[in-house]
2 protein chains.
Amino acid sequence: MSNQTPSPRRNRKGAMQPTLNDVAREAGVSSITVSRYFTSPDNVREATRIKVEAAIEKVGYVRNMIAGSLASATSRVIPVIVPSLSNVVFIDVIKGLQDEFEAHGYQLLLGKTDYDLTRETQLIRTFLGWSAAGLVVTGLRHDAATRQILENWNQPIVEIMELGEGLDLNVGMDHVAAGRAMTEHLLARGYRDIHFAGAELDRDYRAAMRYTGHREALAAAGIEEAPLLDLPVRQQMTSGAQALERIRDQHPECDAIHFANDDMACGAILAASRLGIRIPDDIAIAGFNGLPIGEHVTPQLTTIISPREQIGRVAARKLLARINGEPVGELSHDLGFTLRVGGST
Amino acid sequence: MSNQTPSPRRNRKGAMQPTLNDVAREAGVSSITVSRYFTSPDNVREATRIKVEAAIEKVGYVRNMIAGSLASATSRVIPVIVPSLSNVVFIDVIKGLQDEFEAHGYQLLLGKTDYDLTRETQLIRTFLGWSAAGLVVTGLRHDAATRQILENWNQPIVEIMELGEGLDLNVGMDHVAAGRAMTEHLLARGYRDIHFAGAELDRDYRAAMRYTGHREALAAAGIEEAPLLDLPVRQQMTSGAQALERIRDQHPECDAIHFANDDMACGAILAASRLGIRIPDDIAIAGFNGLPIGEHVTPQLTTIISPREQIGRVAARKLLARINGEPVGELSHDLGFTLRVGGST
DNA sequence: CTGAAAGCGCTAACAT
DNA sequence: ATGTTAGCGCTTTCAG
């Protein structure tokens with residue numbers, strides 16, 4: 001009525017996109033009926049539905065998610081916040097999340113903190129401005145500002161990777177237990193002088209949790225010392241090779257290295273074959289993650305398979321369940337892990 | 001005026017978020033001034049700016065991007081469409097894109113086609129409903145529907161990975177030339193019976209382009225036959241190992257394998273060491289991508305380093321330049337590649 | 001099952 | 001440099 005120009009109209013940018021009204025006019029119904037065709041088709045009669053469908057096709061209508069989100073104060077966007085994209089672990093998790101979200105018509109908005117909790121706060125603030133339907137965030141450690149924002153936000157949240165007391169939902173595995181399990185395996189194999197090697201464990205605090213488990217297992221076996229080598233990160237495989245050389249050099253009595261991840265462990269195995277170090281006779285090597293490469297090196301790597309992609313999938317499913325008001329089961333979901341024994345131990 | 005309830009008000013979801021108006025009232029200015037504080041701070045006087053800042057802090061205002069996008073018919077969201085997240089190549093590209101976008105206040109919306117062009121069309125349709133500021137899409141091959149939508153869309157687009165006649169901007173490398181370069185290297189080394197091995201080359205058509213270059217190089221050397229092994233994809237390293245065995249078995253005269261990627265090539269090198277096949281004496285191995293692992297296997301892998309992350313960065317920068325109306329330089333940007341010769345050839 | 005009215009929170013396009 | 005007015009295109013609410 002107030003608009004003089006008939007369809008097609010142009011928006012302020014000069015573009016010319018058909019709107020719900022254009023479809024409605026074409027179909028001979030009101031715009032709200034077309035809206036309902038999208039949001040709750042069950043409330044639209046078959047005959048009307050067909051008319052609307054034809055009109056949509058005819059005018060080439062594309063739903064404007066922005067307008068819909070403004071009106072409904074919620075959007076089908078789900079921000080996912082990870083610390084890094086250089087780590088396969090998060091890539092696999094994202095893959096799981098993406099698959100599930102995409103299948104259910106939700107969009108994944110990707111944010112990266114570089115392990116900076118302040119950056120995390122900023123990202124979350126921005127993302128909440130998108131009226132997100134939910135949020136996926138890595139880890140249970142956040143700064144006070146983040147925690148305050150999220151506690152006042154009444155949409156579902158999943159914290160992934162670890163287990164514990166969280167903000168809302170929580171999907172992951174027990175890293176302390178994983179570290180313990182691997183070291184128990186090494187002890188059972190008869191290794192006694194076991195070193196733990198990681199890279200920047202203060203940042204990668206989940207690896208530090210595995211070191212804690214490692215120490216616990218040693219202590220339980222009456223071994224009080226748990227030697228630790230914490231290297232600066234360069235390239236992970238290179239760090240692994242370096243760790244092997246360093247430990248062989250400074251601690252010739254060491255009979256096994258428990259690496260913080262498979263990249264480092266494989267770097268060590270490949271370096272060993274270059275240097276003529278026999279694995280596991282001269283020294284045993286263990287990793288963590290269960291990456292494909294571990295099965296291709298000689299000897300095959302003993303490692304713990306982490307349920308990375310599944311963490312993504314389950315996290316997504318729980319979040320969507322909560323968004324749709326369905327039951328989510330237990331708040332904290334432990335996906336476990338599997339020890340895969342190769343020839344390297 | 002028309003609103004009876006004073007601040008703070010509640011939106012339709014029952015949540016209670018302060019709006020621009022709340023900030024404006026607090027600061028004693030009009031809402032548009034607060035808006036300008038965000039969008040063009042240079043047009044706001046220092047004194048006003050300070051008042052506004054204090055008010056924002058006081059009421060805990062968070063910008064509502066949705067409302068802003070609706071009003072301005074453009075959002076700071078950039079959809080990125082890739083075929084797969086299982087391929088490191090795209091991960092590295094995404095990393096480059098994400099870094100640049102995040103640094104400039106743009107959000108990356110992630111879409112995955114699984115190499116299905118119809119899915120690509122759907123994704124693009126959905127994403128355009130987000131009033132995206134631009135679009136990043138993989139490859140130059142799209143179906144008719146996609147092409148039609150994008151030709152009528154007047155926002156910047158970057159097609160990445162390949163080079164050629166595109167929709168708009170275009171950042172990548174010349175895959176035919178890369179394939180040619182590697183095979184010229186192999187020929188220069190004296191290899192004559194060179195096989196090309198890939199996995200699902202119909203899907204991975206950029207690898208098929210490298211095969212084309214490979215064939216060209218052979219033809220230029222007077223070799224008319226270019227034997228090809230195209231395996232079904234399982235795990236890439238496993239396929240590489242399999243290819244090595246298959247070729248050794250069926251073509252004992254073959255003296256070099258040109259693999260479609262580093263994963264396969266490294267799978268072959270690792271398998272060779274298991275099987276007692278000497279590289280490069282018994283057979284030479286070449287890859288493509290320049291992944292870290294290639295430097296850690298023995299012998300080191302001869303490969304072509306693709307500028308993956310840089311493709312992401314440059315693509316992002318060109319897109320942002322165009323969004324901001326700055327000059328973008330040439331439409332098609334060739335990032336080249338580097339041959340890295342290891343001991344495997 | 002369908003419609004009319006109202007407005008989500010912001011910004012473009014003029015003013016001043 | 002700041003304000004006024006009028007929507008952006010959709011969904012909510014309330015009627016029928």
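None of these values were measured; they are calculated from a predicted model.
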Distance check needed: [N] [atom2] versus [X] [atom1], whole Å only.
X	N	atom1	atom2	answer
B/D42	D/dT2	CG	P	13 Å
A/R25	D/dG9	CZ	C1'	13 Å
A/L20	C/dA5	CG	P	18 Å
A/N21	D/dC10	CG	P	8 Å
A/F38	D/dT12	CZ	C1'	18 Å
A/I66	D/dT11	CD1	P	13 Å
B/R76	C/dT11	CZ	C1'	14 Å
A/L70	D/dT11	CG	C1'	10 Å

Test item: [X] side-chain N/O and [Y] main-chain N/O as donor-acceptor pair under 3.5 Å:
X	Y	value
B/S69	B/M65	yes
A/T138	A/I81	yes
A/T19	A/N21	yes

Is the shortest side-chain N/O distance from [X] to OP1 or OP2 of [N] below 4.0 Å?
X	N	result
A/Y37	D/dC10	no
A/T33	C/dG3	yes
A/R45	C/dT2	yes
B/R63	C/dT11	yes
B/T48	D/dT2	yes
A/S35	D/dC10	no

Open item on the list: Can you work out whether B/E46 or B/A67 has the more 5'-proximal nearest nucleotide on DNA chain D?
Closed with: B/E46

Which of the following nucleotides, [options], is nearest to the side chain of [X]?
X	options	answer
B/V29	D/dT11, D/dA1, D/dG3	D/dG3
B/N64	C/dA12, C/dG9, C/dA4	C/dG9
B/A71	D/dT11, C/dG9, D/dG3	C/dG9
A/S30	C/dG7, C/dG3, C/dG9	C/dG3
B/I32	D/dG3, C/dC10, D/dC10	D/dG3

Residues [X] and [Y] bridged, charged N to O under 4.0 Å:
X	Y	value
A/E159	A/R141	no
A/E309	A/R313	yes
A/E53	A/K58	no

Task: Net bend of the helix from C/dC1-D/dG16 to C/dT16-D/dA1, end axes of five pairs each, nearest 10 degrees - done: 20°

Task: Comparing B/G68 and B/R36 on DNA chain C - which has the more 5′ nearest nucleotide - done: B/G68

Task: CA sep, side-chain torsions, deciding dist, call: A/Q98, B/L85, side chain to side chain contact (heavy atoms under 4.5 Å, CB included) - done: CA-CA 9 Å; A/Q98 224 275 341; B/L85 293 175; 4.1 Å; yes

Open item on the list: Any base atoms under 4.0 Å from B/T39, or only sugar-phosphate, or nothing? Heavy atoms, all strands.
Closed with: sugar-phosphate

Task: Side chains of A/T146 and A/T121, donor plus acceptor under 3.5 Å - done: yes

